[in-house]
2 protein chains.
Amino acid sequence: MTTRDSKDSDLERSLTLLWAGRARGKRGPRSRLSVELIAQAAVRVADADGLEALSMQRIATELGYSTMSLYNHVPSKDLLLEVAADVGAGAPPELDDAADLRQSVRQWAGALWAGFHRRPWILRVPLDHAPVGPNQLAWLDRLLRPLLAAGLAGGEARAAALHLTAVVRGTAQISTSMAGEYKRDDGIPHTDADLTHVVAELIDPEDYPALTAVHAAEVADRRSEQPGVLPFELGFGVDRFLDGLESWVADRGVS
Amino acid sequence: MTTRDSKDSDLERSLTLLWAGRARGKRGPRSRLSVELIAQAAVRVADADGLEALSMQRIATELGYSTMSLYNHVPSKDLLLEVAADVGAGAPPELDDAADLRQSVRQWAGALWAGFHRRPWILRVPLDHAPVGPNQLAWLDRLLRPLLAAGLAGGEARAAALHLTAVVRGTAQISTSMAGEYKRDDGIPHTDADLTHVVAELIDPEDYPALTAVHAAEVADRRSEQPGVLPFELGFGVDRFLDGLESWVADRGVS
DNA sequence: CTAAAACTATGTACGTCATACGTTTATATG
DNA sequence: CATATAAACGTATGACGTACATAGTTTTAG
């Protein structure tokens, strides 16, 4: 773990690592290892066994090298994690240019949502500074395009993009953490859906009246959700936000 | 780190830990230690030196006990973290009953935003399942009240609450990670604001057209933001969402 | 063509961490 | 009072990140 004041040149290192212009012509043996290879191995390990299984030693054996060899290409595990997260994010989807704001945003959000569910470990990688990775920035850029095209000002587009990123990230964080099943002592597995019931019995309706009221609300059937459409838990909020955004640009167009 | 399938009874333990009905009358020596004391010590350490400084040994010495004594009251560090996060969150603010939806939500979001900035380490605590802590549920309940009062259906209120929680969480995560200052090799510290410029020079405007366009947008002066009012980066999105929510309930009221 | 310089890969070693386990000590119940 | 039981402690283990010294390899300077 990097201490807080050793952030010194980590940032510079992040940048040169992430944007490494492939240079060659130095002395010493040709390196058979590289940042890319290491990052890809890290992604493979995290995909297979999760973030907690991702150790330098594990990556090294995965690649068939000694543990310390990695440090010839990567200054620390923290930095490697950052690179791995960017690599794992992959390229954003191409958005249909003919689509309107709502369609574009929904498509973007759906893709990000799907990505977070394919690689939940990305959500566990600690965020140490503003996004600077090529892929992270590409995702941001893709979202900004329809926002700007819809007529938002620069600052507004930035804020809207931040809002949407945060929503998908945060919702996915909660959603993926609830995905696992638990085994009770009696051996019967139960999901987080039941968890709500357990909690419902624990809490005093006097202290949590709204929670108790909402608890009765039926949970949407997850199987009825088509792929490509946002699930209700995410879609409702995004749609309300888009309603507000659209009327904002409409009012703006009048003045 | 807890492996993914050892989640077995962790959940049960979480619940009994978090909702511990104080029982007394067992054998053995009176325990001078308790979950609450340990959690409070953990909060103190994290407040002082961050999450990465929070070790069992550190907490123990902080309290003047041996490391292993803690395990008489807490089954694992993961669980302790969960409790500490709930304790650190504290009680939600009392919302003005006379306030309308927009005012209430803004007040709630502002309080949560402030809380995350006071204790950034809470955002680093890995989310292992749906919120079950007394304080976490209290925050949720407080938000649900005005949403229900405004006329939202149960499922809608839940989705809206999730949306808002995710937004504040996610935005704060990015905001607090940018709060630190970095020292460059030349010794001149620079903030993440400059970071944008560094990146701006790295990227190819062809690949990131929208980013480049937005980059010119002036950054709001942070000092001009009054306390109690949401900062623009958070407020713009929340306001657009509220616009959409309000028109949603208005249309609903007609049918 | 040689030798120095620089870089890669490896092995060893250290400090820190969470936590399993055994021992001692104090207490409440029979 | 005796005994079961839990609290606190000390020691020990295995995994981890990574500093450092070494050996080996390739490029470049003379």
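Order of the sequence lines fixes the chain letters, A, B, ..., with proteins taken first and strands second; residue numbering starts at 1 for each chain. Keep in mind that the numbers below use all heavy atoms, side chains included, and drop hydrogens, waters and symmetry copies.
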Residues within residues 67-74 of chain B bordering DNA chain C, heavy-atom distance below 4.0 Å: B:Thr67, B:Met68, B:Tyr71

Of residues 56-63 of chain B, the positions that come close to DNA chain C - non-hydrogen atoms, cut-off under 4.0 Å: B:Met56, B:Gln57

Quickly work out the [X] [atom1] to [N] [atom2] distance and round it to whole Å.
X       : N      : atom1 : atom2 : value
B:Leu33 : D:dA8  : CG    : P     : 5 Å
A:Ile38 : C:dA9  : CD1   : C1'   : 12 Å
B:Glu52 : C:dT16 : CD    : C1'   : 14 Å
A:Leu81 : D:dC16 : CG    : P     : 14 Å
B:Leu80 : C:dA18 : CG    : C1'   : 12 Å

Chi angles and distances behind the salt bridge (charged side-chain N to carboxylate O under 4.0 Å, His left out) call for A:Arg118, A:Asp47: CA-CA 8 Å; A:Arg118 172 170 8 253; A:Asp47 280 348; over 6 Å; no

Ionic contact status for A:Glu233 with B:Arg158, cut-off 4.0 Å: no

If you check every side-chain atom of [X], which of [options] has the closest atom?
X       : options               : answer
A:Arg32 : C:dA9, C:dT27, D:dG10 : C:dA9
B:Lys77 : D:dC16, C:dC17, D:dA8 : C:dC17
B:Ser55 : D:dC9, D:dG17, C:dA18 : C:dA18

Restricting to non-hydrogen atoms, name the atom on [X] and the atom on [Y] that form the minimum distance, rounded to 0.1 Å.
X       : Y        : value
A:Asp86 : A:Pro134 : OD2-CD, 3.1 Å
A:Val83 : A:Ala39  : CG1-CB, 3.9 Å
A:Gly88 : A:Ile122 : C-CD1, 3.7 Å

Side-chain touch B:Gln40/B:Leu37, heavy atoms, less than 4.5 angstrom: yes

Side-chain heavy atoms of A:Thr165 within contact of A:Trp139, under 4.5 Å: no

Residues which pass salt bridge (charged side-chain N to carboxylate O under 4.0 Å, His left out) with B:Asp207, listed by chain and number, not counting sequence neighbours: none

Distance below 4.0 Å between B:Arg27 side-chain N/O and C:dT29 OP1 or OP2: no

Given A:Leu80, A:Asp78, A:Leu79, the one that forms side chain to side chain contact (heavy atoms under 4.5 Å, CB included) with A:Glu82: A:Leu79

